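What follows is a single structure, written as structure tokens, with notes after it.
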Amino acid sequence: MPILVMKFGGTSVATLDRIRRAAKRVGREVANGYDVIVIVSAMSGETNKLVGFVNETSPMYDAREYDAVVSSGENVTAGLMALTLQEMDVPARSWQGWQVPLKTNSAHSAARIEEIPTDNIMAKFGEGMKVAVVAGFQGISHEGRITTLGRGGSDTTAVAFAAAFDAERCDIYTDVDGVYTTDPRVESKARKMEKVSFEEMLELASLGAKVLQTRSVELAMRFKVKLRVLSSFEEYDPNAGTLICAEEEIVENKPVSGIAASREEAKMTLVSVADRPGIAAAIFGPLAEAGVNVDMIIQNISEDGETDMTFSCPVDQVQRATAALNEAQDKGEVSFHELISDTEVAKISLVGIGMRSQSGVAAKMFQVLSNEGINIKVIATSEIKISVLVDRKYTELAVQALHDAFELDKA
């Protein structure tokens, strides 16, 4: 039988009624001739509650015990889903990560998948099981301890299973009905896209679009897993949602496919840094060691042997970045006159594989922002992306103006 992977997020299994609704979708695919692997998240809010218990019990917790606690939410959902399917006379059983076994490294709370042997589940399919309900987000380390893949890790679990079992498709059921040209809460004319390339989705996910976890898109692109994002709350439609696929499957590429906006950004500038070989390593080495996720980097022209270095990072990492740079200066590893932090910025990004073959996108973007009186603080580009930092108060205006200018409401 062909295999289909279906993943249901926390909102899709938040109550018993929603689990029954999800189970009906699974039953329909079984009736269509598939053996189905269902990946489930914890019921909505459950993981946050468990994390709260851990923090209250032990603020400096053992990461191994953290994983043992927070992974339990998915176990509950998997059992309830299997029971619901059995009540529908669909042969199903639940699987925890260690039973598959989904093998990971030992990086607790941020584990990476190393191997998913197919023997155990395929043997049960051969014995008549039609649905394997797998607890997402969790695996087992070399030491035999439960591990978790990081928040949103059930998406990664689903794509990894689709790759391991050579599934026909991986359907990600969530509370939105697909991938939009931008956040519909910001721009009411945002349009749901029928298809998005892996590369575009990877950029959108990394730039703030919260539809899919970034690692899951990376895996899908690497193993060419067809992904479909669709809503678990809408009536069944075989053509619903957004298909995330290889670029070759998209007939015509517009210069811009989508706009991502991230409000949680900060701009940091080191003033009067010595302009010498190795200075960039001296600055960004300590930041990397401190776990600061640096994004956009700009270095000014040197004057009198000194330069300014500007970079962006998540706003909640500013304190950590400041401490790392001050410590590096105290050790004599780097010298700067002043460290300026601007925590009131947002990152606006245009994404589109059509940029590879069509010129003028950057010029048009800059002109649109200029017409709206929006000053650009930092610019960064790649082959299919243009990102700028602007004052946070202009986030909605910038997104709406660019969405109109590039006519993203039109297919």
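Source: prediction; values computed, not measured.
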Given side chains that start at C-beta, do those of [X] and [Y] come closer than 4.5 Å, heavy atoms only?
X      : Y      : result
Gln138 : Asn75  : yes
Leu4   : Arg169 : yes
Gln319 : Thr322 : no

inquiry  = Within a 6.0 Å radius of atom CD on Glu143, are there more than 12 heavy atoms belonging to other residues, nucleotides or ligands?
reply    =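 Yes, enclosed.
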
inquiry  = With a 6.0 Å cut-off (strictly less than), is the heavy-atom count around NZ of Lys124, excluding the residue itself, greater than 12?
reply    =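 Not buried by this count: 12 neighbours or fewer within 6.0 Å.
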
inquiry  = Does Thr181 form a side-chain contact (heavy atoms from CB on, under 4.5 Å) with Met193? I'd like the steps, not just the answer.
reply    = CA-CA 7 Å; Thr181 49; Met193 295 181 277; 4.0 Å; yes

Would you find a donor on one side and an acceptor on the other, under 3.5 Å apart, between the side chain of [X] and the backbone of [Y]?
X      : Y      : value
Thr157 : Phe137 : yes
Arg392 : Thr343 : yes
Glu338 : Val271 : no
Gln86  : Ala92  : yes
Arg64  : His108 : no
Ser72  : Ala68  : no
Arg21  : Ser232 : yes
Arg20  : Thr84  : no
Thr310 : Thr269 : no
Arg228 : Gly241 : no

From [atom1] ([X]) to [atom2] ([Y]), nearest 0.5 Å:
X      : Y      : atom1 : atom2 : value
Asp391 : Ile376 : CG    : CD1   : 11.5 Å
Ile113 : Arg215 : CD1   : CZ    : 6.5 Å
Ile283 : Phe336 : CD1   : CZ    : 8.5 Å
Lys189 : Asp404 : NZ    : CG    : 3.5 Å
Leu227 : Leu212 : CG    : CG    : 6.5 Å
Asp295 : Leu389 : CG    : CG    : 8.0 Å

message = Set out, in order, the CA-CA distance, both residues' side-chain angles and the distance that settles side-chain contact (heavy atoms from CB on, under 4.5 Å) for Leu402 and Leu369, then state yes or no.
response = CA-CA 8 Å; Leu402 291 167; Leu369 295 177; 4.2 Å; yes

[X] to [Y] - nearest heavy-atom pair and separation:
X      : Y      : answer
Asp155 : Gln213 : OD2-N, 3.2 Å
Gln317 : Val292 : OE1-CA, 3.2 Å
Glu187 : Thr182 : CB-CG2, 3.6 Å
Asp409 : Arg191 : O-CD, 3.5 Å
Gln400 : Val186 : NE2-O, 2.8 Å
Phe165 : Ile116 : CE1-CG2, 4.2 Å

task = Begin from the C-alpha positions of Ser349 and Glu203 and carry the test side-chain contact (heavy atoms from CB on, under 4.5 Å) through to its verdict.
result = CA-CA 9 Å; Ser349 305; Glu203 290 284 8; over 6 Å; no

ask   = Should the pair Lys364 and Phe406 be classed as cation-pi, given the thresholds of under 6.0 Å to the six-membered ring centre and 45° from the axis?
value =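 Satisfied, under 6.0 Å and within 45°.
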
Stepwise side-chain contact (heavy atoms from CB on, under 4.5 Å) check, Glu372 with Val390 = CA-CA 12 Å; Glu372 298 294 339; Val390 301; over 6 Å; no

query = Which residue, Arg356, Lys385, Arg222, forms the salt bridge (Lys or Arg N to Asp or Glu O under 4.0 Å) with Glu199?
reply =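 Testing each of Arg356, Lys385, Arg222 against Glu199, the sole residue satisfying salt bridge (Lys or Arg N to Asp or Glu O under 4.0 Å) is Arg356.
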
task = Give the C-alpha distance, both sets of side-chain angles, the deciding distance and a yes or no for salt bridge (charged side-chain N to carboxylate O under 4.0 Å, His left out) between Lys226 and Glu249.
result = CA-CA 11 Å; Lys226 280 189 178 182; Glu249 296 184 47; 3.5 Å; yes

Looking only at the side chains, is there a donor atom on one of [X] and [Y] sitting less than 3.5 Å from an acceptor on the other?
X      : Y      : result
Glu306 : His337 : no
Thr147 : Asp67  : no
Glu200 : Ser197 : yes

query = Tyr173 vs Phe8 aromatic rings, parallel, tilted or perpendicular, using cut-offs 30° and 60°?
reply =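 Tyr173 vs Phe8 ring planes: parallel.
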
task = May I have the step-by-step check of salt bridge (charged side-chain N to carboxylate O under 4.0 Å, His left out) for Arg145 and Glu65, ending in yes or no?
result = CA-CA 9 Å; Arg145 297 294 303 248; Glu65 302 305 337; 2.9 Å; yes

Give every donor-acceptor pair under 3.5 Å between a side-chain atom in residues 22-39 and any protein atom, sequence neighbours left out.
from: Arg25; atom 1: NH2; to: Glu234; atom 2: O; distance (Å): 2.0
from: Glu29; atom 1: OE1; to: Asn32; atom 2: ND2; distance (Å): 3.4
from: Asn32; atom 1: ND2; to: Arg28; atom 2: O; distance (Å): 3.4
from: Tyr34; atom 1: OH; to: Glu168; atom 2: OE2; distance (Å): 2.6
from: Asp35; atom 1: OD1; to: Lys130; atom 2: NZ; distance (Å): 2.8

